[in-house]
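A short write-up of the structure that comes next.
So that the names make sense, note that chain A is the first sequence line, chain B the second, and so on, each numbered from 1. This structure is a prediction, so every number in the text was calculated from the model and none was measured.
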Amino acid sequence: MSRPLWKESAAAISARVRAGEITAVEAMDAGWDGPASLWEHDVHAVVHTDREARHAAAEAAPARGLLAGVPVLVKDNLCTVDYPTTCCSRILAGYHAPYDATVVRRLREAGAVIVGKGNMDEFAMGSSTEFSCYGPTRNPWDLSRVPGGSSGGPAAAVAYGLVPVALGSDTGGSVRQPAAFCGVYGLKPTYGRLSRYGLVAFGSSLDQVGIFARHAGDVATTFAALAGWDEYDATSRPAPAPDVSNWDAGVTGLRFGWPANLWANGVDGAIVDALERSANALERAGGTRVPMEFLPGEYAVAAYYLVATAEASSNLARFDGVRYGLRSSDATDVRSLYVRSRSEGFGPEVRRRILLGTYALSSGYYDAYYLQAQRARTRIRREYARAFESCDFLLLPAAPTLPFRVGEKVDDPLAMYLSDVFTIGANLAGTPGLSVPVGVTPEGLPTAVQLLGPQDGEGALLRAARAIEVNGDVARLPREHEVEASWPGKR
Amino acid sequence: MAWEAVIGLECHIQLRTRTKMFCECEVVFGDEANSHVCPTCLGLPGALPRLNAGAIRMALRLGLALGCDIRHESQFARKNYFYPDMPKNYQITQYDRPLFEHGTLPVVVEGEAREFALTRIHCEEDAGKSFHPERTGDRSRSRVEFNRAGTPLLELVTEPVLRSPADCAAFLVTLRRLVRALGISDADMEKGQLRCDANVSLRPEGASLLGVKTELKNLNSIKGVERGVAAEIERQRRALDSGERIVQATLLYDADHDKLAIMRTKEQAHDYRYFPDPDLPLLVVSEAELEQARASLPELPWRRVQRFVAQYGLPPYDAAVLGDSRELADYYEECAAGLDPKFVANWLMTEALRAVNERAWDVARWTAQVPAARMADFLGRVARKELPGPLAKQFIGWLADEAGGVDELLARHGVSVKGTAEDLRPIVKAVLDENPGPVAQYLAGKTVTMGFLVGQVMKKSGGQAVPTLAQQLLIEEMAARS
Amino acid sequence: MRIDRDEVRRIAELARLEIADDDAAAVAGQLSGVLDFVATLQQLDLDGCEPSTFAPADAPPREDVPGVRGLDPFAATAAAPESDEGYFVVPPVVENVNP
């Protein structure tokens, strides 16, 4: 066998599983015996797994479906019956959900094997996966750097070859930014397309389950397997999801917006370079560049932090030590039970955001903060809608910088918040966005661009991503030759 | 100084849907703890709410019946506060865009027709239940369960337009009758299906400004509301008369001891941080849905009472008693079909309802035991004088406690009714023969003697004679002899 | 917008979080910084911008029919720190407030 299984796409694995050439167990073990044995100890992408559970899942998986036998890591804020669901928070230590999230259920129905839970910033609040109660995930391209966040574990696992596909969640860029930092694809779909039932809520009106993969086609296949109305999520949309089966149809005739004013300053040169190369690749493939001025503005960051924290302050009220999760041992009455359990259970960033959100909703401030932010969202939606009148999608950075160093921004919340400036617009507007890897810098760090589309514009985003993949730099794995050399894979 | 009480009520009506407001768990009263719960109503991480369309259809019936302004796009909001029986530590309710505003409830208070204005009615979910044991020993724990959590509620708020405890009681009786007639709630206050808080303030009679109000909670019967409000009015009157100021506060009424206890003052008031619930779409009510709800409305209880007066000539009081529940009113109309409606009304109100009370039954038990057809058969015979009055009254008990038709019951109790003139004439003749004195007195013009003679006939017939017939035959026979 | 330590304590009380006295000043500083930043929203021209809502209004409603996703008392209380006979158990409620 020429190509190791852990380097295969989900499409190739599922085709071979369906054909009976390999089993789901083999497909899964390839990642664990190969790259994980080299990487996982240092990268720490996975927080909950065990050999027995994942083997049971692999053996139970049907050898049919879009994702037959494809091993998938899911972020630790998606409920699964076979692994703990803790949101990487002390307050949920040891918690087992009694139900599968709808997207997890659909993965299993499509033949996928859930191999474990991915590391994340506690309750998805962070941009570096440093705020996890289990310790940080590190970037497999450079272990001194962060993988981005909050879905850093799933992003890193896909990057180093543990799994070909992983699920994260994206409230303000938590899929697209780590995808960019780890050199993989990361899709945040249109709000309401992937069910939120079983996704532990952070900012309900912003949260969306997202998909990581090393190939544009695998993103499309996974999206097709998961998207669609879920009666258990009243915010999911009943109309049929967009058809993305033409992800390989090319970009001839598609116009892409080129808002160069956005990266006039404050954006790393390597990323500006990646943008140019991507634009050239799209033009070579038949796309048309539409230069434009586009200013989502800093106010979007402000609106985002008010809405996200306000909703979070209410969503996280249920963690109180009564029905599940951590209960402080020195509570004497219900009030101290709440205060002690929550103060011991939530980390500093979560506490900070709960306080900010509580303040934004409290008597006398609601109109000035929360309501104003929701009105600003309407303006942002209109600005996006206007931009999409003259183009099919926008090309812009996913993050303003390359992966930063572990510890660099931990103590500066505002700097961390501002690193989301290019991603939060899509969450505020409820529109789709896709991070596309565009090669590696001479120093060995991945670069990426972001494509933003109008509502239900996933098809065009994937076609563009595929065009960049074919015409530009293909995603590759860090130190893949070393892994290959050390891997005993003769299967 | 003369004071006037100003009272506003906040009522919670538990809807009798099959499932909860935001999840598909069954609504069950008094089953094993936590046996009707799911991820949503337990507030588990990741679970989401889904609105029960049936609950909204029920709500629309109430809004239409009360003539409320209906908001075509209303909104659910989160009310944030921590309490162990509140699974998410927020309640899904409606805040600044409720489903209904305005509207009135027509109420008869002590014979006078009034219209009480409403502020709003909105939809929300109920909490679970906490059980606080008596504190004994050094370890005390509360227990919590969530079978009730998520049960659909309507919260109805009145304007401050009630003036007396009697107003409150009449309002609640009328509201209870209405929601039962609409089939949307069993509204049993003891079971918490109808709950009521009262806001009470006093002001100098004739003043138009409102005084400082207190909120009265834990009023779990209509009597409790009446007494609690009376106690609070009295407490405030005494305080004001002695020059004290009323402090805004929440009080608990202890019905067993007829006492009020201050629960908290305004300084401890909550900041609920309401905001629109991002998990739920706007609640959109279409014209078609409204039309459907309108078509499903039964005749409203107060209209039915008015009709009973107009159509059957019943006195307003009788009409109100018989119109008290849809069940009783339906029963009355079925029994009265083909008979004199006033005659049937009298029998139901005096004899049948007395039998119900004596047995501590409810009307449902009565109508199950004595279906309208059985009752109508019986009443028809009474009306045609085929059953004598005293026997008929005894007969009510047999109907209530035994099975079988009228003839079967007569046979079982060995009664052969001396119903016809043929049956009675020999007895009448014998009585006249045996009582020449009273007969002479009667013939001499002392008409009261007739009572004695009828009594003798009744006695001789073993109570089975129909008195009016006996009297008629006595007069005939005496005329024939003289 | 400056938040002082008392304001931090008021918010912490609403959120049922404990802020040590030593930390209150630091938290107040951080929150003030973020609030200064979000104050840019106040200057924004939002004429004609209604607050956004995102849930679709065209989803079919849930009919009033019992479903199958219920939990039994054992499963319901399986993750509870303390339970007894299917009940969740909590320390006594001292603030006797159930609004």
(request) Please report the C-alpha distance between A:Gln374 and B:Phe275 in whole Å, then the side-chain angles of each, then the deciding distance to 0.1 Å, and finally whether the side chain to side chain contact (heavy atoms under 4.5 Å, CB included) criterion is met. (result) CA-CA 11 Å; A:Gln374 286 290 30; B:Phe275 74 106; over 6 Å; no
(message) Between B:Arg50 and A:Asp233, does any NZ, NE, NH1 or NH2 come within less than 4.0 Å of an OD or OE carboxylate oxygen?
(response) no
(message) When you compare the side chains of B:Arg78 and A:Ser314, does any donor N or O come within less than 3.5 Å of an acceptor on the partner?
(response) yes
(request) For the residue pair B:Asn34 and A:Arg323, confirm or rule out a side-chain donor-acceptor distance under 3.5 Å. (result) no
Do the non-hydrogen side-chain atoms of [X] and [Y] ever get within less than 4.5 Å of each other?
| X | Y | result |
| --- | --- | --- |
| B:Pro45 | A:Phe319 | yes |
| A:Arg318 | B:Tyr90 | yes |
| A:Tyr232 | B:Pro39 | no |

Tell me if the [atom1] atom of [X] is crowded by more than 12 foreign heavy atoms within 6.0 Å.
| X | atom1 | result |
| --- | --- | --- |
| B:Lys213 | NZ | no |
| B:Tyr95 | OH | no |
| A:Arg381 | CZ | yes |

(request) Pick one of side chain, backbone, both or neither for A:Thr358, based on which atoms fall under 4.5 Å of a heavy atom in chain B. (result) both
(message) Can you tell me which portion of A:Glu231 sits under 4.5 Å from chain B's heavy atoms? Options are side chain, backbone, both or neither.
(response) both
(request) Determine the minimum heavy-atom distance between B:Pro276 and A:Tyr366, stating which atoms define it. (result) CD-OH, 3.2 Å
(request) Taking all non-hydrogen atoms of both residues into account, name the closest pair between A:Thr235 and B:Leu280 and its distance. (result) CG2-N, 4.5 Å
(message) Heavy-atom pairs under 4.5 Å with chain B - which of A:Leu371, A:Asn315, A:Val307 has more of them than the others?
(response) A:Asn315
(message) What verdict does the side chain to side chain contact (heavy atoms under 4.5 Å, CB included) test give for B:Thr40 and A:Tyr197, after you've listed the backbone C-alpha separation in whole Å, the side-chain angles of each residue and the deciding distance to 0.1 Å?
(response) CA-CA 10 Å; B:Thr40 297; A:Tyr197 188 77; 4.3 Å; yes
(message) Please classify the contact of B:Tyr274 with chain A as side chain, backbone, both or neither, using a heavy-atom distance under 4.5 Å.
(response) backbone
(message) With a 3.5 Å distance limit and no angle check, can you tell me whether A:Tyr99 reaches the backbone of B:Ala47 through a side-chain donor-acceptor pair?
(response) yes
(message) Could you check whether any side-chain N or O of B:Asp271 sits under 3.5 Å from a backbone N or O of A:Ser363, counting only pairs where one atom can act as donor and the other as acceptor?
(response) yes
(request) Flag the one option from B:Leu44, B:Asn80, B:Leu51, B:Asp277 with the top tally of heavy-atom pairs under 4.5 Å to chain A. (result) B:Leu44
(message) Taking every non-hydrogen pair under 4.5 Å, which of B:Pro87, B:Cys23, B:Pro281, B:Pro49 racks up the most with chain A?
(response) B:Pro87
(request) Would you please classify the geometry between the A:Tyr338 ring and the B:Phe82 ring as parallel, tilted or perpendicular, with 30° and 60° separating the classes? (result) tilted
